[in-house]
Amino acid sequence: LQEAEQRELELQRLNELNARNRRAELEAAARGGDAQAALDLAVIHEQGESVPVSAVEASNWYKLAAELGDLNAQIWYVQFVMSRGDVTGDPFILKYLFSLSDASIPVAQFYLSERYLTGAGVPQDKGKALMLLKSSADAGYADAQAAIGKAFQNGSLGRKDYKLSLLYLQ
């Protein structure tokens, strides 16, 4: 029994050493411009894989990956920061939303449409909100389909259209 416990402890020590070495390799790669390595580090810190969970560390790595121009990383960064609350003070969110929306990423178009609808960080513009929401919905993004269906139902984007409402809600 004691021998089995010792083997278990040795295995645990080796796993921790491997995880530490993997993080060191990823950090070197990320600092060298590898966006995927930075994304991997963000996930490690967000989920606490062999490290304490750290939203600050995760955010920093997501941000680095996003700043390296990786669209996927920009999506992750936006969603990570938005999932943690008020983002009005984060200038990167809007920057990435514009970048992603220009690249026709439906989730970004949806988030940006919400900003135009409410005037959060951009001038309020229901026309732009509708255009972005429609583009996102037409690309199959379910949250956008529900939002535009409700908007056509209640007229919050300028007009009521029950036929379109039903089409998007279905």
| Parallel under 30°, tilted from 30 to 60°, perpendicular over 60°: which one fits the rings of Trp76 and Tyr62? | parallel
| request: Using a strict cut-off of less than 4.0 Å between a Lys/Arg side-chain nitrogen and an Asp/Glu carboxylate oxygen, indicate whether Arg22 and Glu49 qualify as a salt bridge. | output: no
| field | Least distance between heavy atoms, Asp70 atom then Asn72 atom | value | OD1-N, 3.0 Å
| message | With a 4.5 Å cut-off on side-chain heavy atoms, are Leu132 and Phe110 touching? | response | no
| query | Is it true that Arg13 and Glu10 have a side-chain N and a carboxylate O under 4.0 angstrom from each other? | reply | yes
| message | Could you check whether any side-chain heavy atom of Tyr96 comes within less than 4.5 Å of a side-chain heavy atom of Glu67, counting everything from C-beta outward? | response | yes
| message | If I compare all heavy atoms of Leu100 with all of Leu71, which pair ends up nearest, and what's the gap? | response | CD2-O, 3.4 Å
| Just wondering, do Val53 and Glu46 contact through their side chains at under 4.5 Å, heavy atoms? | no
Would you be so kind as to tabulate the donor-acceptor pairs closer than 3.5 Å made by side chains of residues 162-170, with sequence neighbours excluded?
| unit_1 | atom_1 | unit_2 | atom_2 | d |
| --- | --- | --- | --- | --- |
| Ser165 | OG | Gly149 | O | 2.7 |
| Tyr168 | OH | Asp138 | OD1 | 2.7 |

| Residues clustering with Ile44 (ILVMFWY side chains joined when closer than 4.5 Å, directly or via others) | Leu26, Leu41, Val51, Trp61, Leu64, Leu68
| query | Going through the distances and angles, do Asn21 and Glu25 end up as a side-chain hydrogen bond (donor to acceptor under 3.5 Å, both in side chains)? | reply | CA-CA 6 Å; Asn21 288 339; Glu25 290 171 1; over 6 Å; no
| Lys/Arg N to Asp/Glu carboxylate O, Glu27 vs Arg23, below 4.0 Å | no
| Gap separating the OH atom of Tyr111 from the OG atom of Ser101, nearest 0.5 angstrom | 13.5 Å
| If you measure from CZ on Phe98 to CD on Gln109, what distance do you get to the nearest 0.5 Å? | 12.5 Å
| message | With rounding to the nearest 0.5 angstrom, report the CG to NE2 distance, Asp40 to His45. | response | 11.0 Å
| said: I'd like to know if the side chain of Gln74 pairs up with that of Ser99 as donor and acceptor (distance under 3.5 Å, no hydrogens or angles considered). | reply: yes
| request: State, to 0.1 Å, how close Ala38 and Ala65 come at their nearest heavy-atom pair, and which atoms those are. | output: CB-CB, 3.6 Å
| said: As an exercise, state the distance from CG of Leu97 to CD of Glu114, rounded to the nearest 0.5 Å. | reply: 9.5 Å
| task | Measure across Ala151 and Leu157 and return the closest heavy-atom pair with its distance rounded to 0.1 Å. | result | CB-CD1, 3.6 Å
| request: Can you measure from CG (Asp125) to OG (Ser113) and round to the nearest 0.5 angstrom? | output: 11.5 Å
| request: Decide yes or no for Leu130 and Phe152: does some side-chain heavy atom of the first lie under 4.5 Å from some side-chain heavy atom of the second? | output: yes
| note | Nearest heavy-atom contact between Gln124 and Leu117 is NE2-O, 2.7 Å
| Would you say Gln12 and Leu9 make side-chain contact, with heavy atoms under 4.5 Å? | yes
| query | Looking only at heavy atoms, which two atoms of Ser104 and Pro106 are closest? And how far apart? | reply | O-CD, 3.3 Å
| said: Test your reading of the model: is there a side-chain donor-acceptor pair from Ser136 to the backbone of Leu133, 3.5 Å cut-off? | reply: no
| request: Could you give me the CA-CA distance, side-chain angles and deciding distance for Tyr141 and Ile105, then say whether side-chain contact (heavy atoms from CB on, under 4.5 Å) is met? | output: CA-CA 10 Å; Tyr141 190 63; Ile105 306 295; over 6 Å; no
| request: Sorted by first residue and then second, give each side chain to side chain donor-acceptor pair (under 3.5 Å) pair with at least one member in residues 150-159; sequence neighbours left out. | output: Asn154-Ser156
| message | Less than 4.5 Å apart, side chain to side chain, heavy atoms only: is that true for Lys126 and Tyr116? | response | no
| remark: Rounded to the nearest 0.5 Å, the NZ atom of Lys63 sits from the CG atom of Asn60 at a distance of 7.5 Å
| task | Using a 4.5 Å cut-off on heavy atoms from C-beta on, say whether the side chain of Phe80 contacts that of Ile75. | result | no
